[in-house]
Peer 1: 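Starting off with a structure, shown below.
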Number of protein chains: 2
Amino acid sequence: MAKDRVDDDKFDITKLKRPSVTVDIIIFSIQESDLKILLIKRKIEPFKKSWALPGGFVWFDESLKEAAERELMEETGVKDVYLEQLYSFGDVNRDPRTRVITIAYYALINPDKIKLKADTDASDVAWFSLKNLPKLAFDHDRIAKYALKRLRWKIEYTTVAYSLLPEKFTLTQLQKVYEVILDRKVDKRNFRRKILSLKILKDTKEMTGDVSHRPAKLYSFKSKELENIEII
Amino acid sequence: MAKDRVDDDKFDITKLKRPSVTVDIIIFSIQESDLKILLIKRKIEPFKKSWALPGGFVWFDESLKEAAERELMEETGVKDVYLEQLYSFGDVNRDPRTRVITIAYYALINPDKIKLKADTDASDVAWFSLKNLPKLAFDHDRIAKYALKRLRWKIEYTTVAYSLLPEKFTLTQLQKVYEVILDRKVDKRNFRRKILSLKILKDTKEMTGDVSHRPAKLYSFKSKELENIEII
DNA sequence: TCAAAAGTGTTGTGTGTACACCCATGT
DNA sequence: ACATGGGTGTACACACAACACTTTTGA
């Protein structure tokens with residue numbers, strides 16, 4: 001056993017038969033009070049006409065994160081959004097063509113940026129509610145499920161919620177983000193007391209206008225650094 | 001942008017210039033009341049004679065986890081231990097030879113299994129305290145640091161501690177696991193009250209013998225399934 | 001004046017934290 | 001008898017959960 005220890009160094013690493021490496025991205029956003037992800041309809045086999053996560057090969061001269069950023073830009077036209085590595089999936093037969101290992105990322109996009117989706121062809125790119133996903137290509141169901149699990153954790157224990165909201169937002173909007181992601185109602189008074197006690201919000205001194213009910217205060221996050229705090 | 005969407009399908013994926021893929025493993029165990037990891041001294045360039053994490057190439061016909069299990073077996077002779085994917089590291093120049101993406105795993109080994117290390121050559125495989133790590137090869141410092149962070153989180157919020165202990169253990173041993181990993185003292189009475197209230201331990205009705213002080217009750221975990229509970 | 005969302009407090013319950021002494025055993 | 005780790009309870013502070021009505025605006 002010990003003798004195999006340096007096996008790696010015995011290979012000519014330029015000749016070894018190598019798996020392919022891709023990145024796939026789960027792009028989350030909140031639209032119509034619902035949590036959605038972006039999917040793409042495949043045009044070729046395998047899984048032709050199935051919906052799949054956006055993704056593609058990692059180039060030889062770009063890092064994993066750069067590959068994910070590039071894919072994100074290609075699919076949505078957005079950049080500088082929250083993007084975090086999720087997990088790597090490497091089962092031998094997850095792609096029927098050949099051995100493909102994928103590094104999954106997830107992105108959070110706020111409504112200000114989403115307008116850009118208009119320039120994609122609506123018939124083969126679409127947002128789907130997580131409550132109503134079609135059967136996805138490859139092992140993408142599993143990946144999407146895992147991403148949702150991570151997002152739920154992340155929103156409870158960090159300040160990522162800012163990535164899903166516009167710069168300025170009301171406490172009710174913030175609460176809705178929590179309710180939609182966690183898929184449960186949250187008590188308004190307790191939520192407000194808790195979130196304000198964390199001192200992570202800044203009162204912008206502005207109010208919502210043009211609403212046919214009482215205007216609400218607008219807040220923004222003091223910091224866009226991701227902080228680890230128990231939020232809810 | 002949208003037109004690039006199916007770039008992946010335009011490549012002949014058997015010919016694309018591909019990064020190499022390895023797995024590296026951070027193998028944790030508690031020895032001499034200290035948290036240690038297993039390192040290997042490199043015999044060839046680059047980083048010849050530096051200490052590095054055990055690892056090696058992912059074969060074409062094995063999953064990522066199988067590759068990690070194989071490496072673990074090769075280095076330590078153990079199997080059926082706690083093994084979890086940590087993160088994937090893919091900076092372009094992390095290996096000076098060529099493009100190498102590594103999927104890092106971490107393993108937790110209990111003292112019952114560790115005897116096996118004897119059959120490795122002591123001069124090029126060794127356990128190092130995390131408080132006293134040498135400078136590691138490649139980006140392995142960063143990987144080890146990240147693994148420790150994950151382990152700290154994991155032990156606070158799940159029942160993984162069982163993986164670092166023998167089948168039967170005393171409450172003091174369990175507490176020591178927490179203290180060593182979290183690197184802080186824990187109050188004995190509060191710890192015991194908390195851990196017993198979680199109902200995850202079973203009283204084996206046995207006691208430690210042959211100790212020159214009052215014997216202690218031996219406990220075991222009711223379940224070896226990993227449970228997500230706030231432990232401490 | 002109505003509809004719609006904004007905003008606001010109190011109380012009970014449970015949980016975390018701080019803290020010190022006696023017990024059982026082997027040498 | 002002494003050294004060593006095993007084992008136990010209480011009090012206070014704080015956080016969480018449950019719960020309903022008044023306010024402000026536009027239509």
Side-chain angles (χ1 to χ4, degrees), chain A residues 30 32-34 111 155-159 165-166 168-180 182-220 227-232, chain B residues 30 32-34 111 152-153 155-157 165-166 168-180 182-220 227-232:
Chain A
I30 293 179
E32 298 137 30
S33 296
D34 202 0
I155 202 141
E156 290 208 59
Y157 294 102
T158 77
T159 57
L165 286 168
K168 295 169 187 177
F169 52 87
T170 66
L171 292 180
T172 302
Q173 283 177 291
L174 182 59
Q175 184 179 334
K176 282 260 176 295
V177 169
Y178 280 86
E179 291 182 337
V180 160
L182 300 177
D183 196 27
R184 62 179 163 92
K185 286 271 173 242
V186 169
D187 181 85
K188 181 157 67 161
R189 281 172 291 188
N190 292 338
F191 178 79
R192 285 167 182 237
R193 183 179 23 253
K194 183 71 198 292
I195 212 89
L196 291 174
S197 75
L198 296 174
K199 313 270 187 212
I200 52 177
L201 298 186
K202 189 170 51 192
D203 185 344
T204 66
K205 306 287 177 196
E206 294 176 64
M207 307 285 280
T208 50
D210 254 356
V211 283
S212 78
H213 52 75
R214 179 172 174 176
K217 279 187 172 180
L218 287 167
Y219 290 86
S220 62
E227 293 179 68
N228 282 285
I229 308 184
E230 187 169 336
I231 305 278
I232 192 175
Chain B
I30 292 180
E32 298 139 30
S33 297
D34 202 1
R152 285 187 171 151
W153 180 84
I155 202 143
E156 290 208 58
Y157 294 102
L165 286 169
K168 295 169 186 176
F169 51 87
T170 67
L171 292 180
T172 301
Q173 283 178 293
L174 182 58
Q175 184 179 335
K176 282 260 176 294
V177 170
Y178 280 86
E179 291 183 335
V180 161
L182 300 177
D183 196 26
R184 60 177 165 92
K185 286 268 172 241
V186 169
D187 181 86
K188 182 158 68 162
R189 280 172 292 187
N190 292 339
F191 179 78
R192 286 168 181 236
R193 183 181 23 256
K194 184 69 198 294
I195 212 87
L196 292 173
S197 77
L198 296 173
K199 312 270 186 211
I200 52 177
L201 298 186
K202 189 170 55 192
D203 184 344
T204 65
K205 306 287 179 195
E206 294 175 62
M207 309 285 277
T208 51
D210 253 355
V211 282
S212 78
H213 53 75
R214 179 172 173 176
K217 278 187 173 180
L218 287 167
Y219 291 84
S220 62
E227 293 178 67
N228 282 286
I229 310 185
E230 187 168 328
I231 304 278
I232 192 174

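Reminder, nothing fancy here: chain letters follow the sequence lines and each chain counts from 1. It should be emphasised that the depicted structure is a prediction, and the values quoted were computed from it without experimental measurement.
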Peer 1: Do any side-chain nitrogens or oxygens of Lys194(B) fall under 4.0 Å of OP1 or OP2 in dG16(C)?
Peer 2: yes
Peer 1: Would you state whether a donor and an acceptor, one from the side chain of Lys188(B) and one from the base of dG6(D), lie under 3.5 Å apart?
Peer 2: yes
Peer 1: Enumerate the residue pairs fulfilling side-chain hydrogen bond (donor to acceptor under 3.5 Å, both in side chains) with a member in residues 188-201 of chain B, sequence neighbours excluded, ordered by first and then second residue.
Peer 2: Thr172(B)-Arg192(B), Asp187(B)-Asn190(B), Asn190(B)-Arg193(B)
Peer 1: Starting at CD of Glu230(A) and ending at P of dC16(D), how long is that distance when rounded to a whole Å?
Peer 2: 7 Å
Peer 1: Starting at atom CE of Met207(A), determine the distance to atom P of dA6(C), rounded to an integer number of angstrom.
Peer 2: 10 Å
Peer 1: For a quick check of understanding: with a heavy-atom distance under 4.0 Å over all strands, which category does Asp210(B) fall into, base, sugar-phosphate or nothing?
Peer 2: nothing
Peer 1: Are OP1 or OP2 of dA4(C) and a side-chain N or O of Ser212(A) less than 4.0 angstrom apart?
Peer 2: no
Peer 1: Determine which pairs satisfy ring-ring contact (aromatic ring centres under 6.0 Å, His included) with at least one residue from residues 189-208 of chain B, sequence neighbours left out, and list them in order.
Peer 2: Tyr178(B)-Phe191(B)
Peer 1: Under 3.5 Å, side chain of Thr204(A) to main-chain N/O of Ser220(A), donor-acceptor pair present?
Peer 2: no
Peer 1: Toward the 5' end of DNA chain C, which comes first, Arg189(A) or Arg193(B), by nearest nucleotide?
Peer 2: Arg189(A)
Peer 1: Within the 4.0 Å heavy-atom criterion, would you say Thr208(B) contacts the bases, only the backbone, or no part of the nucleic acid?
Peer 2: nothing
Peer 1: Which nucleotide sits closest to the side chain of Asn190(A): dA17(D), dA24(C), dA4(C)?
Peer 2: dA17(D)
Peer 1: Nearest to the side chain of Asp187(B) - dG7(C), dC19(C), dT10(D)?
Peer 2: dC19(C)
Peer 1: Reckon Arg192(A) has a side-chain N or O less than 4.0 Å from the OP1 or OP2 of dT8(C)?
Peer 2: no
